[in-house]
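Values below: all heavy atoms of this structure, side chains included; hydrogens, waters and symmetry mates excluded. Throughout, a chain's letter reflects where its sequence line sits, starting with A, and its residues are numbered from 1.
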Amino acid sequence: MSEIENKTENGSMDGAGECAAGEPKDDKGLGLGVIFFLGAFLICFLSGWLLFPKLLYSKHEQPFNFDHKLHTEEAGDCESCHFFREDGTFSGIPDLASCMECHTDEPMGDTEDEAIFAEEYVAKEKEVPWFVYSRQPDCVYFSHAAHMMGENAKGKMDCKTCHGPIGESTTSRPYEENRLTGYSRDIWGKNIWGIKKNSWDRMKMDDCADCHVEMDGHKGYCFQCHK
Amino acid sequence: MIQNTKAHKFGMVIDLDKCTGCGSCMVSCMAENNVPFKEDESRKKDSITWMRVYKLTNGKSFPDTEVVYMPRPCQHCSGLGDHGHSPCVSVCPATATDYGYDTGIVSQIYTRCFGCRYCMGACPYHARYFNWWDPTWPEGMESYLSPNVSPRMRGVVEKCSFCYHRYQLAREKAYVEEREIEENEYQTACTTACPADAIIFGDLNNPAHQVHQIVKPDPHPDPRNHKVVGKSRNPKVFRLLERLGTNTKVYYMSEREWVRKAGDSYLDGEWDEVKNHHGSSSSHG
Amino acid sequence: MKIDRRSFLGLGLGAAAGIAVSPVGVKLTDDSSIWTQNWPWTPVPEDGEISYENSVCSLCPGSCGISVRKIKNRPVKIEGLDEYPVNDGGICLHGIAGLQYLYDPARVKSPMRKNGDRFEPISWDEAISLVSGKLADVRDSGAPHTLGLISGGAGGSVTALFKRFLDAFGSPNVYAMPSLEDNLSLTAATLHGAGNTIGFDLENADLVLSFGAGLIEGWGSPMACFKANSARRDRHAKLYQIEPRLSNTAANADRWIPIKPGTEADLALGLCAVLLKKNLFTPGEFFGGFNRFAAVVQKEYAPEKVEAVTGVKAADIEKLAVAFAKAKMPVAVPGKGRGDHGQNLKEFAAVQTLNALAGRLNKEGGAFVMNPDSYLAFPEASMDDAAEAGAGQEKSVGSVNELVDTLNASAKPVLNALFVYNANPCYTLRDTKRVKEAFKKVPFVVSFSSFMDETAMASDVILPASTFLERLEDVPTGGGLAKTVVGLTRPMVNPIFDTKNPGDALILLAQAMGGTIAESCAWDTYDECLEEVAGDIWDALSEDGYAVVSEGAPMGTPGTDFSFLASNPASVQAGGNGDLLLVPIDNIRLAGTAPASTPFAVKTVSDRVLSGTDIVVEINPETAKGLKDCGYAVLITSQGKARVKVNFNEGIMPGVIGMVKGLGHTFDNPYVAGKGVNVNDLIGPVIEPGSGMDAAFGIKATLSKA
Amino acid sequence: MDSALIPEGAKRCPFPKFMLGMAIVGAVLLWGVYAMFLCWFKGLNQTNMDDYYGFALWIWADLAVIAVGGGAFFTGLLKYIFKIDELKNIINFAVIIGFICYSSALLILAIDIGQPLRGWFIFWHANVHSMLTEVAFCLSCYFAVLTIEFIPNILENRQLNKVSFFHHLAHNMHGVMAVFAATGAFLSFFHQGSLGGVAGVMFGRPFAFREHILIWPWTFFLFTWSAAAFGPCFTLLVTKITEAITGKKLVSDKTVNLLAKISGWMITTYMIAKIIDTVYWAQVTAPSMGFTLDHFYSNNAFYGYWILFAEIIVGGVVPGLLLIFKKTRENPIALLTAITLGVIGVCLNRWVMVLQIMAVPVMPFDTWALYIPSWQEVATTILPVAYGIMLIAVSYRYLPVFPQELELNKPAQATE
């Protein structure tokens, strides 16, 4: 925040400085106008680029830190926790029950996060209110099965392609939510213009479409991904 | 459009002689698709019923009166010449509704729709409904809503989707079992609910399926009216407003001639010539 | 420094330009539209694992198997259960909408006590001690028989438990609401001996001669009838519907035979006469004056006479009789509409006699005279003197309608306390004013209703029942079905509100009462009780969810006693005055009895039945002099008047006004109540001598321009 | 008081009187604005539209104002492309009227859609097959053009003109106006047409559907044509009304008659086409779907043959003929009658092409649907009228809209 304040102040101070310099010459105040113009322009321009994004998103810390790396090492692969149900639907974030398959209200390790988990949730039989970075809005229908086990070879994608190397993360970064839309920032993309470097930097409809066009030469029909 | 070699063409045939007008299909549809309700639903012109059962009479006076009930879901038109330009799809300015060439199902995307209602004007079946009101439920009742169908917000158009989400669920199961879905894995909510077994739903492109065997759709354009494709070669089967060339995928069946006649408009004397004509190759059908 | 207009101009322009070349505009435009796509006030259902659980619907005696789809154990949809012996996947709109009952705005959310004219919530403990206290007083006053029970038709162990409670308490005053079940057992008792009932093998009959039975209007076990009916065509079977109005059943039938309302019995006897005359009948074990009967019907019910009464052509009567006799597997079915209210024994007996004469008793596709052999095995109730005394007593009167009259007639209370379970007499019985009066005459009324309906409002204490989705219960299939299937209703969710299974409430009461009453209900919970009393079918119930108790034609041919009909009982006439006849209509989309319809059900009702808050009555344009289609009119009967809208219907007999049942509720549910009028407000009961049935098939009325 | 702003030499009513008038019209405007916000915040349940009447009063108003606003592009076309210089005396006013009509149309559309905040989807997610898409694009582009055409006139305001930059800007813009006029004409041709297409392509609605030429149904061309034909009628009508109110002669008879004459011939030729279209539709198109003409004009309480007669004869043929004959054209009464009937005629045509389409039952067992707008609909439809009056009043007061005003009112004894 402070950084921006500095910037904006500089912005206006430049303006002030110049106007002090320019005053005697320009009695019409036209120069003054130009200076005000530049000043205002700079302030709004900078706040538009730097302040606005900060204001637009609210930050939430996860209930406690989750070490994906540790768990994948212990459990083997993603699918041991994020598994497919018998009916083909995807389980997504594990519920307390599936955590309990390994954990008890006695911590297994000695991290304080696990302690929190054991005391706050396992002991109290409360589901952990995780913030889901990749949560899509209600209008989206996404079939993990179609992408990972579709009968056609191109359907066999790995988790990384869309979710990135989250399996290697040892800490959970804060979840950022768009105050207006309630979307996770990961959907629009970290970058305010939504410019992405990796396939997992963004999860908008266009990103799905790009891949679909590439794979089967067609974006697909509305109902394929909407409900 | 995708050149889908083994594209489905999901459709329905409704046996009007079996239909009892009991309304199970209507309620099953509403319950399946999170359709809301208002205190006064007797203003039928602003009452959202994706599946609506019409009451038809033969217009004769007592005691020769006859009555038949006609369930009317979205007809999932494939449009003039069967090219997928349904009356509604072709007019939507924002591509909020499209024709799935792989299923023959006409979609409606509530989050894309901005509520211009052009599609409603274009649909002669009144199968499209506008959310004039915010959807509301009595306290607590939201908790029976299904996550498989997104509740609609005020100001958008909605309609029957042939329970597409049921197709999706069936496919997910098939995916994990690495197989194709079977015909009866995907059935609409109205079909399964009908206690009179009046509705048969399935792939019109699948000769093995009952719906195909009953309808015997004619793949060629009707020589009398080239807009019409997929005319039934079964003399007891007809479509609603077939002459307009909307090429619906909901077929109706009745033994009674007056019922079949009620499916379309005819000039004087026209009926007698058309009633015996069933598709191009009907002679050797 | 001087700041002039231009400076401000510069400031403004600068700001605008600055914002313009920043992402603000674009992002806000996009996000504001995304906001509209996710309005916080539009609900987002929670996703989760899908599961299916089987149960049985007990909304009506149909007892259909249902499959409840759940998301994370949250019920989201009710569907018909495939291969269930009653409905095989079929399901009616009320069952599908069942989840709406859970959150019905009129639900009674906790026990209630009436205070003045308002109800106040109380705890179960308070409620139980309050009720048991009152009951103790009644019993100690030495008049245990003044505790009464009014229960809905359905059988099952809960109703049985209520009866048992009254036995142990010492009261014989158990009354059932008029129901097809009762009417059929009364008919069976009259013709084939007590302890029987009648089932109709519609699945196999090749000619169904229905005397107004609304086979697709909710008669008997509705979905079973639907299935049998829709399979009809494939079996090349025929359905002839005899009815004054083109009901859905008539419209769906192969032939509709219009008949003057209330003359069905005459036609049935007319057909008997033809069979006897033409000697087309199959002799059977006929007694009780068969010859006298033969003589009477051929004299009094000769085709010409019957034509005059019924309006059915004599020639047609003869043809019909012959067709019936010649058919391979014909069956005649009684019970206008749903066969519950406004029926008379003469008609039921006459129709069943037709089956007897055609030799269709206990034959495949015919009428089964079945012993509803109760699968329930309650242990011997322990009785004290009071109980014994009460047990000895006669019931005050025969039927619930007579009870209502007696209550109103006598000065001192006939009943000091009354239980109402699974019934809404203040809405369903004819002349509801009369019923509400009668309820006022009972010092202490206890309702076991799930909803604050008309009767619950007329009671002093409400012990709210959990709905069929929240409780365990055994539900036997209801009337008219050729087989007996007992289904197990399982709790699909924990009770949403502070309600109990009426069985549990009753057990708590019994225990609070102590003594032999407690001993007679010595179970900790109703579930325990059920497991014990269901005895040998419990395993089947708990494993398969149902048990088929009886199936197929019973052995042997029962005798038929003709004494009742041989005495040529008088036909019941419609009361009141007026040039038209008002008859109630059963519409499958509206529940006629308890519980009331759901919002979904009401939504499906045609605007030619309900328009805004106006009820629409049907009338043949021929009789609608001076009236406009869709226009207003005033309907007047001796019972009262109502402002109605008029629907010209060529499908109803001239001179008849049709008014749908199930509207005009007055409780607090804006989606269902406060719409139209209750036809039972306009029709008064006409008690049939002997049977005690309310035989009012309609009432004379006038309809004039509003 | 505000005399500094009033064009030199021009007489205007006293400021208070002017403000009083503005206040009265302003009140009506506010009423409309209130209704508009009701619709935005409470939703379209504020209207009497239903699932049978998805298109109703608003869409009619849209089509109507755009039709009568057609005077702008057509006059522009004549003036700048066909170089009919005489029309310079009325072009400014035609442009202002056009500006009002099109801005109103856009405003009404913004109220009419169920999700105004998503309105831009029509551009972003455009479906090229939809006539409405074509409408949206051309409409907004042409509105931009009209704004550009309007600007120089604004800059000619006495005060603004003092700023040399503005002065030159205005001058140069006049220079290149031909380009914009051409663009405008081109765009108008398409959106007027596609508005007609909106109805003509509905092959599920036999009352609306028309045979196609290439990708366009007949109604496409009929709408463009009728807009060009009746638009000038409206321009003239408003001019006459303004003259009546200001009690001044603002446009010379020569100009008026010229425009009237052109309009007359356009109307006549349009009517010939329209009649051919109607006959073909009634005899061939509709019957091919099983519908007789009777079906569309009977068995209901409102829509009878009278509306067909009123549209084609009273509102079409009659004004057409009145305007092509010099004698009647130059008779003030006849002229006024003609342009009035013309405007009514074209509005009636748009009404039929929106509301009657919705009213006619298509399924044999369906019924006629009639509809009465709610007060909110009426208010929001009157809103643009009020706004139009105010904008004209302001423009007339402060801008040199009518080049001939001064010379036509030489002995300036006029004080209204």
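- Within residues 134-142 of chain D, no residue has any heavy atom closer than 4.5 Å to a heavy atom of chain B.
- Interface remark: Leu241(B) contributes side-chain atoms only to the contact with chain D (heavy atom separation under 4.5 Å).
- No other option in Asp366(D), Ile122(D), Leu109(D) has as many heavy-atom pairs under 4.5 Å with chain B as Ile122(D).
- Of the N and O atoms on the side chains of Glu377(D) and Tyr371(D), at least one donor lies less than 3.5 Å from an acceptor on the other residue.
- Scanning residues 201-213 of chain D against chain B with a 4.5 Å non-hydrogen threshold yields Val201(D), Met202(D), Phe203(D), Gly204(D), Arg205(D), Pro206(D), sorted by number.
- Around the CG atom of Asp268(B), the shell of radius 6.0 Å holds no more than 12 heavy atoms that belong to other residues, nucleotides or ligands.
- Checking each of Lys55(B), Lys60(B), Arg256(B) against Glu66(B) for a salt bridge (charged side-chain N to carboxylate O under 4.0 Å, His left out) leaves exactly one that passes, namely Arg256(B).
- Note: Tyr305(D) and Tyr297(D) have parallel aromatic rings, judged against thresholds of 30 and 60 degrees for the angle between ring planes.
- Taking chain B as the reference chain and counting heavy-atom pairs below 4.5 Å, the highest number among Val128(D), Ile59(D), Asp112(D) is found for Asp112(D).
- Considering only heavy-atom pairs separated by less than 4.5 Å from chain D, the leading option among Met120(B), Arg112(B), Met70(B), Glu270(B) is Arg112(B).
- Judged by distance alone, with hydrogens and angles left aside, the side-chain atoms of Asn247(B) form no donor-acceptor pair with the main-chain N or O of Ser78(B) at under 3.5 Å.
- The part of Cys123(B) that comes within reach of chain D is its backbone (N, CA, C, O), which places non-hydrogen atoms under 4.5 angstrom from that chain.
- For a residue to count as touching a neighbouring chain, one of its non-hydrogen atoms must lie under 4.5 Å from one of that chain's; by this rule Met358(D) touches chain B with the side chain only.
- Heavy atoms of other residues, nucleotides or ligands lying less than 6.0 angstrom from NZ of Lys44(B) number more than 12.
- For the pair Arg152(B) and Tyr110(B), the cation-pi criterion (under 6.0 Å, within 45° of the ring axis) is fulfilled.
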Derivation and outcome, ring-ring contact (aromatic ring centres under 6.0 Å, His included), residues Phe365(D) and Tyr54(B): CA-CA 8 Å; Phe365(D) 46 86; Tyr54(B) 284 86; 5.1 Å; yes
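- At a threshold of 4.5 Å between non-hydrogen side-chain atoms, the residues Ser47(B) and Arg52(B) count as touching.
- The shortest distance between side-chain heavy atoms of Ser265(B) and Met289(D) does not fall below 4.5 Å.
- With Thr224(D) contributing its side chain and Phe189(D) its backbone, the two residues share a donor-acceptor pair below 3.5 Å.
- For the set Leu56(B), Asp264(B), Asp46(B), Thr246(B), the entry with the most heavy-atom pairs within less than 4.5 Å of chain D is Leu56(B).
- Between Phe41(D) and Phe37(D), the ring planes lie parallel to each other; the angle is under 30°, not in the 30° to 60° tilted range.
- The main-chain N or O of Asn45(D) is never found under 3.5 Å from a side-chain atom of Gln376(D) such that the two would form a donor-acceptor pair.
- Take Arg224(B) and apply the side-chain contact (heavy atoms from CB on, under 4.5 Å) test, not counting sequence neighbours, and it matches Asp222(B), Glu273(B), Val274(B), His277(B).
- The environment of Trp124(D) atom CH2 is sparse: at most 12 non-hydrogen atoms of other residues, nucleotides or ligands sit within 6.0 angstrom.
- Against chain D, the residues from residues 155-162 of chain B that qualify, each with a non-hydrogen atom under 4.5 angstrom away, are Gly155(B), Val156(B) in number order.
- Here Ala94(B) is the residue among Ser86(B), Gly263(B), Ala94(B), Cys77(B) with the most heavy-atom pairs under 4.5 Å with chain D.
- For the set Thr47(D), Thr292(D), Val198(D), the count of heavy-atom pairs under 4.5 angstrom toward chain B peaks at Val198(D).
- Checking each of Val53(B), Ile14(B), Leu16(B) against Tyr69(B) for a side-chain contact (heavy atoms from CB on, under 4.5 Å) leaves exactly one that passes, namely Val53(B).
- For Tyr34(D), the OH atom sits in a loose shell: 12 or fewer heavy atoms of surrounding residues, nucleotides or ligands are nearer than 6.0 Å.
- Using a 4.5 Å cut-off between heavy atoms, Val354(D) does not touch chain B at all.
- Although no hydrogens or angles enter the test, the distance criterion places a donor-acceptor pair under 3.5 Å between the side chain of Arg72(B) and the main chain of Tyr125(B).
- Residues Arg154(B) and Trp133(B) form no side-chain contact, since every pair of their non-hydrogen atoms from C-beta on lies 4.5 Å or further apart.
- Among Lys45(B), Met153(B), Arg43(B), the residue with the largest count of heavy-atom pairs under 4.5 Å with chain D is Lys45(B).
- Contact annotation for Arg128(B): only backbone heavy atoms (N, CA, C, O) come within less than 4.5 Å of a heavy atom of chain D.
- Heavy-atom pairs under 4.5 Å with chain B were tallied for Thr133(D), Asp51(D), Leu117(D), Asp50(D); the largest tally goes to Asp51(D).
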